[in-house]
2 protein chains.
Amino acid sequence: MSSIKEIAKKAGVSVSTVSRALNNYTDVNQNTRKKIIQIAQELNYFPSAVARSLVTKRSYTIGLFFGDQVNSGFDHPFFLEVLSAVRKVAGDAGYDLLIFTNLHKKKATYTTLCRERGVDGLFLILTGDGKRKNEQLIELQESGIPCVAIDLPLDGERCSYVESNNFLGAKKAVSYLIKLGHRKIALIGGDEVGKVSFDRLNGYRAALIEAGLEYDPQLVRYGCYSADQAKEATEALVSENRDVTAILAVSDVMAIGAIQRLTELGWSVPDDISVVGFDDIREASTNKPSLTTVRQCKYEMGSEAIRLLMKTIEDVSYRPSPVVIPCELIVRDSTAPPRFQK
Amino acid sequence: MSSIKEIAKKAGVSVSTVSRALNNYTDVNQNTRKKIIQIAQELNYFPSAVARSLVTKRSYTIGLFFGDQVNSGFDHPFFLEVLSAVRKVAGDAGYDLLIFTNLHKKKATYTTLCRERGVDGLFLILTGDGKRKNEQLIELQESGIPCVAIDLPLDGERCSYVESNNFLGAKKAVSYLIKLGHRKIALIGGDEVGKVSFDRLNGYRAALIEAGLEYDPQLVRYGCYSADQAKEATEALVSENRDVTAILAVSDVMAIGAIQRLTELGWSVPDDISVVGFDDIREASTNKPSLTTVRQCKYEMGSEAIRLLMKTIEDVSYRPSPVVIPCELIVRDSTAPPRFQK
DNA sequence: TTGTATGCGTTATCAC
DNA sequence: GTGATAACGCATACAA
């Protein structure tokens with residue numbers, strides 16, 4: 001409401017003096033500064049971020065993009081914790097967050113939306129379909145806009161990404177199953193396009209190979225990170241391979257779906273079959289049986305990602321590189337040695 | 001990057017003509033308009049929202065505030081679905097969302113932060129401690145800033161709120177338990193200050209009274225919406241009142257905590273004791289046993305709230321009034337007739 | 001140490 | 001229909 005101009009008038013100085021006084025410039029008399037600050041407080045003055053960012057080209061705002069499927073992002077249990085970290089770390093550093101929700105402009109792209117809103121950088125959390133908008137991503141990578149993504153391999157001078165060590169995570173899980181005595185281990189994978197799914201698949205294969213076990217494509221199905229599709233995949237899998245004794249589902253949501261369907265089909269988990277998830281969402285520990293899973297350190301992913309972004313924003317010459325966060329195997333009740341161990 | 005000025009130069013017209021052409025004013029020649037739009041596209045021009053809002057005083061941005069406890073808001077399963085609706089409805093109407101995360105400014109209040117960022121209105125989701133900042137809320141209510149809150153009775157010319165019908169919801173749950181045959185019904189309430197908790201407590205009482213049952217303060221405990229506190233409250237409750245056959249916990253998180261503790265103590269749910277929750281979060285259906293609960297229509301709450309807010313923003317003379325959303329009783333496996341029914 | 005002048009990108013009020 | 005011009009609130013280069 002009140003502006004720098006009013007303060008100037010009341011203080012009997014020029015607006016530039018007020019501006020300098022309020023921005024802690026050294027070249028302003030202590031007394032005039034005091035007077036100005038005093039008046040500013042009386043007037044309950046706060047500078048207009050809008051006007052300021054128009055001239056400084058800095059908004060102290062970070063844009064947030066969620067995947068374009070309905071309700072993704074907010075509803076996804078994994079991304080929530082990431083966001084929680086972003087919120088905390090960005091806030092502590094003086095940034096606010098702008099969620100792009102108005103996506104109905106005709107030819108708008110990530111890049112144009114960022115320029116339009118004047119955000120300092122962009123935080124991308126894309127799921128499924130979102131990842132396929134390649135033209136837009138290429139434009140973004142070349143735009144020079146500081147940008148960081150979760151689980152999406154961005155590559156540009158000022159773009160980077162954060163992901164879990166999906167390869168080692170999956171490998172760890174399968175190695176654990178092997179150590180328990182399992183030999184016929186199936187995979188409910190994600191999709192056949194994303195790097196994340198790809199890395200987890202490879203981790204699964206690597207563990208098998210390392211143990212001298214055969215990799216059998218027949219034991220690999222895809223659930224697209226959906227509980228329902230995982231149920232179908234699981235049912236098909238076990239009906240065609242009744243000797244499977246363990247399953248790695250590469251998301252907890254899929255693992256829980258798999259357990260549900262297995263139970264319906266008369267399989268007991270972990271007595272008849274072991275199931276391992278991926279993510280360690282809250283339901284993993286409250287599920288019955290509680291879920292052995294590969295924990296992604298979501299908070300750390302979020303905080304590392306936002307730090308990377310802020311550093312990129314604040315240092316024009318900084319060239320970010322990808323950050324890989326270790327996973328941890330959390331053993332709970334959904335895994336056990338196979339029933340008919342030799 | 002490219003501005004209205006460049007377009008003007010390329011088109012050989014003045015900036016004001018460009019502005020009018022791009023904003024669909026009628027008083028501009030069809031040919032010049034076409035030419036201007038053409039050039040704008042070639043230059044990949046998008047108007048600066050910052051500059052525009054500086055002059056129009058409209059940002060098409062809605063401020064979002066979460067409770068001030070660490071991680072509240074994003075982590076709270078209830079608010080998430082509300083936000084999902086806000087995101088969708090606001091986006092469709094052309095608004096973006098600004099999350100206030102930078103709360104470290106010395107004397108900043110809701111009001112000053114809103115003015116500083118130039119948001120058109122404020123969406124408040126406060127929990128626990130957040131609700132106690134009364135001075136700030138009073139200032140906000142009197143500020144004239146359009147504002148809507150969830151579960152928080154705001155009252156100002158341009159302020160309002162949305163809540164569930166907590167009274168009827170709780171009453172419905174208890175009446176159902178009574179219908180099942182329960183007579184000794186306990187309440188794990190929220191807190192002793194908020195309207196929400198108060199309404200649910202009164203719904204509980206009303207159901208008892210309507211059925212001719214005595215209201216026994218000994219059967220009322222408080223869990224502050226925390227699983228841990230609900231566990232403690234439950235343990236104390238049942239150890240002091242071993243004849244309790246049913247519990248209404250006024251949040252699912254508390255109900256699930258209560259069930260866990262009861263199980264640890266050797267009580268079987270629902271065989272020995274019935275438990276009803278409130279909210280219907282996702283875990284309610286996946287919990288073992290699945291939870292009978294009072295569903296809050298979260299999506300509807302969010303969409304009604306944001307509609308109310310947008311209407312208040314867009315019509316200066318509009319005076320919003322509170323919206324109350326009905327609850328629905330969802331019967332699942334955590335309730336049954338009492339074991340020793342007369 | 002302070003004031004003047006200019007500009008950020010846009011819309012709005014006038015004249016013409 | 002169109003073009004100057006001012007204004008929004010602030011920061012800053014330059015003069016004084």
Side-chain angles (χ1 to χ4, degrees), chain A residues 1-37 39-40 43-61 94 105 111-120, chain B residues 1-37 39-40 43-61 94 96 105 112-120:
Chain A
M1 214 84 263
S2 60
S3 77
I4 215 178
K5 203 184 291 182
E6 296 181 43
I7 299 177
K9 197 187 294 178
K10 283 219 177 188
V13 296
S14 73
V15 288
S16 51
T17 303
V18 175
S19 176
R20 282 183 297 235
L22 262 25
N23 288 304
N24 292 321
Y25 278 59
T26 51
D27 61 347
V28 43
N29 183 291
Q30 284 306 325
N31 291 326
T32 55
R33 181 197 302 282
K34 268 185 188 158
K35 197 205 295 183
I36 287 169
I37 289 176
I39 295 177
L43 262 47
N44 198 21
Y45 167 83
F46 276 80
S48 157
V50 173
R52 172 180 286 165
S53 68
L54 182 60
V55 44
T56 60
K57 306 294 179 199
R58 289 278 272 114
S59 60
Y60 285 91
T61 303
K105 292 164 193 162
T111 310
T112 61
L113 284 172
C114 284
R115 297 212 197 288
E116 191 170 345
R117 280 296 188 179
V119 299
D120 296 334
Chain B
M1 216 84 262
S2 62
S3 78
I4 214 176
K5 205 183 288 182
E6 298 182 43
I7 299 178
K9 198 188 294 179
K10 282 219 178 189
V13 296
S14 71
V15 288
S16 44
T17 302
V18 176
S19 177
R20 279 184 299 235
L22 262 24
N23 287 302
N24 291 320
Y25 278 59
T26 52
D27 62 347
V28 45
N29 183 292
Q30 284 305 323
N31 291 326
T32 56
R33 180 196 303 280
K34 267 184 189 157
K35 195 204 298 183
I36 287 168
I37 289 176
I39 295 177
L43 263 47
N44 197 21
Y45 167 82
F46 276 80
S48 156
V50 173
R52 173 181 286 164
S53 69
L54 181 61
V55 43
T56 60
K57 306 294 179 200
R58 289 278 271 115
S59 60
Y60 286 92
T61 303
D96 288 322
K105 292 164 192 160
T112 61
L113 285 171
C114 283
R115 297 211 198 287
E116 191 170 346
R117 280 294 187 180
V119 300
D120 296 335

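Just so it is clear, the structure is predicted and the values come from calculations on it, not from any experiment. Naming: A, B, ... by sequence-line order, numbering from 1 per chain.
For T56(A), whose side chain is taken as the heavy atoms from C-beta onward, the closest listed nucleotide among dT2(D), dG9(D), dA11(D) is dA11(D). Closest contact between the side chain of Y45(B) and the listed nucleotides dT2(D), dT10(C), dC8(D) involves dT10(C). Distances were taken from every side-chain heavy atom of S14(A) (C-beta onward) to each of dA11(D), dT11(C), dT4(C); the shortest belongs to dT4(C). When each of dT12(D), dT10(C), dT4(C) is scored by its nearest atom to the side-chain atoms of S19(A), the top-ranked nucleotide is dT12(D). Which of dT10(C), dT12(D), dG9(D) sits closest to the side chain of L54(B) comes down to dG9(D). Checking dT13(C), dT2(C), dT10(C) against every side-chain atom of N29(A), the shortest atom distance belongs to dT2(C). Nearest nucleotide to the side chain of A51(B), out of dG7(C), dT2(C), dG9(C): dG9(C).
Using a 4.0 Å heavy-atom distance criterion, S16(A) is classed as a base contact. Contacts of S53(A) with the nucleic acid, taken as non-hydrogen atoms under 4.0 Å apart, are absent. Across all strands shown, V13(A) has heavy atoms under 4.0 Å from sugar-phosphate atoms exclusively, and none from any base.
L22(A) and A40(A) make their closest contact through CD1-CB, 4.5 Å (heavy atoms, listed as atom of the first residue, atom of the second, distance). Counting all heavy atoms, side chain and backbone alike, I36(A) lies closest to A21(A) at CD1-CB, 3.7 Å.
In this structure, CG of D27(B) is placed 9 Å from C1' of dT2(D), rounded to the nearest angstrom. Protein atom NZ of K5(B) is 14 Å distant from nucleotide atom P of dT6(C), rounded to whole Å. One can place CD1 of I4(B) at 19 Å from P of dC8(D), the figure rounded to the nearest angstrom. Atom pair R20(A):CZ and dA5(C):C1' shows a separation of 12 Å (rounding to whole Å applied). Distance Y25(B) OH to dT11(C) C1': 7 Å, rounded to the nearest Å. One atom, CZ of R117(B), and another, C1' of dC10(D), lie 15 Å apart when rounded to the nearest Å. Counting to the nearest Å, the P atom of dT1(C) and the CZ atom of R33(A) are 9 Å from each other. Spacing between atom CD of E116(B) and atom P of dC10(D) amounts to 10 Å, rounded to whole angstrom units.
For the residue pair R117(B)/S59(B), the side-chain donor-acceptor check at 3.5 Å is not satisfied.
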